[in-house]
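For reference, the structure is listed below as C-alpha cells.
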Amino acid sequence: MRDDADPRLRFAERLRALKDATEVSVRDLEVASARTPRRRAGQPPLRLKRSTIAGMISRTRPVRPEQEHVEVFVDTCLRIVRGSGRTLPDELGERQAWDAAYWELLGQLAEIRSGRRLSREPAKRLPAETGDRTGRPDSAGSASERPAAEPAPSYDTRSHPSPPPRRRKAGPAPVTPDAIVVAKEVLAGLVGQQWRTEAMLRSLDDPDPIPVRWRLTSDDRLMDHPANLTAASPPLTASSDDIATMIRHFRAMRRRRLVILGGPGTGKTTLAVQLLRELLVTRQSHGDEPVPVLLPVADWDTGTFPLLQDWLAARLARDYPALRTTSLSSEAPAALAMRGQILPVLDGLDELPTTAQSAIIAALNRSLSGTDQLIMTSRTLEYRNAVESAGDVLTSAVVIEPDPLSPAAAAEYLRRCLPVRPGPAWEQIFTGLCAVPVPETGPIGALAEITATPLGLWLLRAGYITPHATPAVLLDAARFPDLPTLRAHLFDRLIPALIDTRPPSVHEADLFRPRHHHDPDQVRRRLSYLAHHLTHPRDADGAPRTRDLAWWRLARSAHAVTRPIRFAIGLIIALVIAIASTVAIGLTEGLETVLTDGLAYGSAFGLTAGLVVAFATRSWSLQPPGFAALSLRGRRPRPAFRPVRGLVLGLAAGLAMVVMMWLTVGPVLSTLVAGAVSALAVGLAYGTASGFAAWAEAPTPEGQASTPMTSWRADRTLNLVRAGTIGFTGALTGGLAGGLGAGLTDTPAFGVSVGLVYALAFGLTAGLAAGHHHAWMAYLIATSRLALAGRLPRKLMLFLDDAHRLGLLRAVGPIYQFRHAELQDHLAAAHHSEGEE
C-alpha cells in the first residue's frame with residue numbers, strides 16, 4: 001500500500017507534474033539533459049539515465065534524488081518550456097521554488113531518520129520563517145534547526161567527472177555545528193595564510209598603510225533608504241591607516257554590507273584586503289562570525305549560478321581543496337556557503353560588461369538573506385551605471401568613497417618612506433607639494449595629481465624611493481608637463497626598478513625576491529603580451545576581455561590545441577609504435593617478417609592509438625585542473641584495491657580479446673586462454689591503479705591555500721600519476737594478453753614481439769587518453785607553441801611566480817592578476833602601439 005506520508009512520494013509527484021507540463025517523454029528528457037548547462041562552473045554535462053529519471057518520479061517507491069540530478073531535471077524542463085513559448089505556474093516554473101522544495105524534502109527526511117516513523121499524517125513541514133526569499137534555509141537560524149542527518153549533496157568539480165562517484169560507505173559526517181566550526185577554522189587558517197603572504201608582497205604595512213580618508217557617498221542614488229541602513233551609517237568616516245575604527249563601524253551595522261567605490265588606483269582593493277585581514281584577526285573575539293574570502297566578482301556567471309551561494313561553493317571547492325580534509329569532505333564548501341558562514345569580499349564589479357554588472361546587483365539582492373554579509377568594490381561610474389540599469393541598489397548596503405589625498409598628506413607619507421635626510425631634490429618636491437596653493441600646472445602640479453591616489457604614490461615609491469634614484473628628472477617641465485606623461489613614465493620605470501632592487505634569491509624566507517635573473521626588457525615584452533592577450537579582443541562595451549590570468553585557460557584562449565597540433569600528436573604516436581613494432585619483430589623473427597608482420601602490426605596499432613589520442617586531445621583545453629598530492633604526511637586513506645571496477649573492466653577486456661582472437665586465429669583453446677589472461681591482467685592492474693589514483697587525489701590536512709603554483713603542481717602531479725598508473729595498466733594488459741595470444745598461435749618469440757607492440761600501444765593510449773583533467777597537458781602545448789613564437793618563456797609558471805614576487809602580479813586563489821588594472825591597460829596599449837601581435 002502506498003504511504004502518502006512519505007515526503008519522497010510528494011516530491012516525485014511534483015517532478016511528474018513538471019514533466020507532464022513540459023510535455024516531454026522520459027526518453028526525450030534523457031537526451032535533452034545532456035545539452036543542459038550545469039549551475040556550477042567547470043562541471044561537464046550530466047545526462048540523466050532513464051533509470052535515474054524513473055526512480056525520481058516513481059509512483060510507488062521513489063528514491064531520494066541527488067541535488068544535481070534535480071537541478072538538471074528541472075533546468076532541462078524549464079529550458080524546453082522556454083523554447084516552446086509556454087508558461088508554467090510559479091511553483092513549477094521557478095528555480096528558487098524547486099530549491100526550497102528540495103531543502104524541505106531533506107529536512108523532512110532528516111526528521112524521519114532521527115526516530116519518527118512514517119505515519120498517515122503529513123510530515124512536519126519546515127516553518128516558513130526558517131527560509132528566506134531565495135528558498136534556502138535562513139543562515140541566521142542555529143545549526144540545530146536545520147537538517148543535519150542528510151545535507152544537500154554538493155559536487156566537487158575539480159576531481160570527479162560526470163556522473164558523480166558512488167557515495168562511499170564511510171561518507172562525510174553529518175552537517176553538525178561542530179563540523180561547521182571545524183570547517184570554518186580550516187578555511188580561516190587558509191585565507192589568513194594566503195593574505196598574510198600577499199600583504200607582505202604588496203608592502204601594505206611598510207611603513208604603514210597609505211592614509212586614504214573614506215566617507216559616506218554623497219550620491220543618494222547609490223544607497224538604500226536611510227531606514228534600511230544602520231543608524232551608525234551617516235557619520236561613517238575612517239582612514240585606511242586606522243582600519244580598526246573602520247571595522248568597528250562595519251560591525252555596528254544592522255546589516256553588514258559595504259560597497260567601496262572610487263576611481264582608478266584609489267585603493268579600493270587594498271582597503272578590501274585590509275578589512276579582510278582585520279576581520280580574520282579579530283573574529284575569535286566576536287562570536288560566530290563568517291569567514292571573509294576575497295573573490296574576483298568578474299568570475300561570477302549569473303546565468304550558470306543564479307544564486308551567490310552556488311557560486312561561492314564552486315569557488316571554495318576549487319580554490320581551497322584542503323577543505324575536503326575536514327569531516328564534511330566534499331560537502332564542506334556547500335555547507336559553509338549555504339549556511340551563511342562565508343563573508344564574500346567581491347572585488348572588481350567594474351571589470352564586468354555593463355549588462356553583467358546590473359545582473360550581479362539583481363543576483364545579490366535575490367541571494368542575500370537578512371543576516372548575510374558582503375563587501376564589494378567597484379569604480380564609481382560603473383557602479384552608478386549598474387544601479388541605474390538594474391533599477392535597484394544593493395539592499396541595506398553602506399556605500400563609501402575616498403577623498404583625494406592632499407598634497408601635504410602625500411608629501412608626509414613619502415617623507416616617512418625616505419631617510420631622515422632625503423636630499424635636495426626631494427626637499428624641493430616636498431616644498432612644492434606643501435605650498436599653498438599647490439601649482440596646477442608644471443611638474444609639481446603633475447606630481448600633486450598623481451600622488452592624490454595610492455596607485456600614484458606606489459608608482460613614485462617603487463620607481464624613485466626604493467631604488468634610491470634621484471627624482472631631479474621629475475622636476476623637468478619639458479619632459480613632464482602634465483599628468484598622463486608622468487604616469488606613463490612611472491609605469492615604464494616600474495619593471496626595471498623592481499628588478500634592479502630585488503636580486504634573485506633561492507632562500508624561502510625572501511618572499512619579495514625572484515628565484516631567477518630576468519632581463520627588464522624581456523620581462524616587459526612578456527608581460528605586455530600577456531596584458532594584450534587578456535585585454536583583446538575587448539568586450540562589446542570596450543572593457544578588457546578579462547583581468548584573470550588562469551594558467552589552465554591559456555591553451556583555450558590562445559587556440560593552442562588546434563587540429564594540426566592534434567594530428568601531429570597522433571602521427572608521432574603512430575610512428576613510434578610502428579617503428580617499435582618493426583624493430584621488435586625484426587629482431588625476434590628475422591628481417592623477412594619485418595614488412596609482412598612488423599610493419600603491418602605497427603601500422604595498425606599505431607594508427608589506432610594515434611587516432612584515439614588525437615580525438616581525446618580536442619577537449620584538453622576545456623578541462624579544469626584537478627588535484628593530487630603524494631605526501632605521506634597526515635591522516636589519509638591507504639591506497640585501496642578496487643576489485644569491482646577491475647573485475648568489470650577485466651571481463652570486458654577479456655571478452656574483447658576472445659572476439660578478436662576468434663576472428664583472426666580461430667583455435668578455441670587459444671582464444672579462451674588469451675581472454676582469461678587479459679581479464680586477469682586488467683582486473684589486477686586496473687584495480688590497483690584506480691585505488692592508487694584515488695589515494696593520490698585525497699588532499700592532506702596540511703594542504704595549503706590554493707595558489708596558482710600549488711594548483712599547477714597539483715594538476716601536474718595528477719596527470720603524471722594517472723598517466724603512469726593507467727598507462728602501466730594498459731601496457732601490462734595489452735602486453736600479456738597480446739603476447740600470450742600470439743605465442744599460442746605462432747612462436748614464443750613472435751609472442752614476445754607482439755606483446756611489446758601491444759604494451760606500447762595500449763600504454764600510450766590509456767596513459768594519454770584516460771581521465772578528465774588534462775589542463776596541465778594542454779598548458780604544455782600552449783607554452784611550447786608560444787615559446788617557439790618568442791612570446792612567452794617555456795617555463796611560464798616560474799616566470800609568473802617571479803613576477804608575483806616582484807610585485808607586478810597579485811594572486812587571488814589559483815589565478816594571477818596584474819597588481820593594478822591600470823598597469824595591465826598600460827602594458828596592453830604599449831604592446832598594441834609597438835605593432836606586435
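This structure is a prediction, so every number in the text was calculated from the model and none was measured. Note: hydrogens, waters and symmetry copies are ignored here, and every other heavy atom, side chains too, is used.
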Ring centre gap for Tyr816 and Trp551 strictly below 6.0 Å: no

Qualifying residues under salt bridge (charged side-chain N to carboxylate O under 4.0 Å, His left out), relative to Arg556, sequence neighbours excluded: none

Short side-chain donor-acceptor distance under 3.5 Å, Asp372 and Ser369: yes

Considering all heavy atoms, the nearest Gln274-Ile243 contact: CB-CD1, 3.7 Å

Stepwise side chain to side chain donor-acceptor pair (under 3.5 Å) test for Ser239 and Asp242: CA-CA 5 Å; Ser239 178; Asp242 185 14; over 6 Å; no

Qualifying residues under side chain to side chain donor-acceptor pair (under 3.5 Å), relative to Arg379, sequence neighbours excluded: Glu822

For Arg547, salt bridge (charged side-chain N to carboxylate O under 4.0 Å, His left out) partners two or more places apart: Asp825

Exam field: side chain Ser240 to backbone Pro209, donor-acceptor pair closer than 3.5 Å: no

Non-hydrogen side-chain atoms of Trp458 and His820 separated by less than 4.5 Å: yes

Non-hydrogen side-chain atoms of Leu364 and Trp300 separated by less than 4.5 Å: yes

No-hydrogen, no-angle side-chain donor-acceptor test under 3.5 Å, Gln623 and His773: no

Side chain to side chain, Gln373 and Arg257, heavy atoms closer than 4.5 Å: no

Non-hydrogen atoms of Ala188 and Arg283 that approach each other most closely: CB-NH1, 3.8 Å

Salt bridge (charged side-chain N to carboxylate O under 4.0 Å, His left out) partners for Lys184, two or more places apart: Asp288

Trace of the side chain to side chain contact (heavy atoms under 4.5 Å, CB included) decision for Leu275 with Met246: CA-CA 8 Å; Leu275 293 172; Met246 187 167 289; 3.9 Å; yes

Salt bridge (charged side-chain N to carboxylate O under 4.0 Å, His left out) against Arg248, all qualifying residues, sequence neighbours excluded: none

Side-chain donor/acceptor of Ser711 to backbone N/O of Pro708, under 3.5 Å: no

Under 3.5 Å donor-acceptor, Arg255 side chain and Thr371 backbone: no

Flag for Thr546-Asp548: side-chain donor and acceptor within less than 3.5 Å: no

Minimum side-chain heavy-atom gap Leu187-Pro333 below 4.5 Å: no

Name each donor-acceptor pair under 3.5 Å that joins a side chain in residues 289-296 to protein atoms two or more places apart or in another chain, with its distance.
residue: Glu289; atom: OE1; partner: Arg251; partner atom: NH2; Å: 3.0
residue: Glu289; atom: OE2; partner: Arg251; partner atom: NE; Å: 2.7
residue: Glu289; atom: OE2; partner: Arg256; partner atom: NH1; Å: 2.9

Residue pair Thr269, Arg810: steps toward the side chain to side chain contact (heavy atoms under 4.5 Å, CB included) verdict: CA-CA 11 Å; Thr269 300; Arg810 67 171 182 167; 2.7 Å; yes

Validation row: Asp715, Trp552 side chains within 4.5 angstrom (heavy atoms): no

Asp224 and Thr395: side chain donor to acceptor below 3.5 Å: no

Under 3.5 Å side-chain donor-acceptor pair for Ser396 and Asn228: no

From CA spacing to verdict: side chain to side chain contact (heavy atoms under 4.5 Å, CB included), Leu394, Asn365: CA-CA 6 Å; Leu394 191 59; Asn365 285 334; 3.6 Å; yes

Salt bridge flag under 4.0 Å for residues Arg513 and Asp802: no

Closest contact, heavy atoms only, Thr282 versus Glu278: OG1-O, 2.7 Å

Side-chain heavy atoms of Leu276 within contact of Trp195, under 4.5 Å: yes

Close side-chain approach of Lys268 to Leu261, heavy-atom, < 4.5 Å: no

For the student: nearest non-hydrogen atoms of Ser358 and Ala386, plus distance: CB-O, 3.7 Å

Evaluation steps, side chain to side chain contact (heavy atoms under 4.5 Å, CB included), between Tyr320 and Val186: CA-CA 10 Å; Tyr320 302 97; Val186 170; over 6 Å; no

Non-hydrogen side-chain atoms of Met376 and Ile260 separated by less than 4.5 Å: no

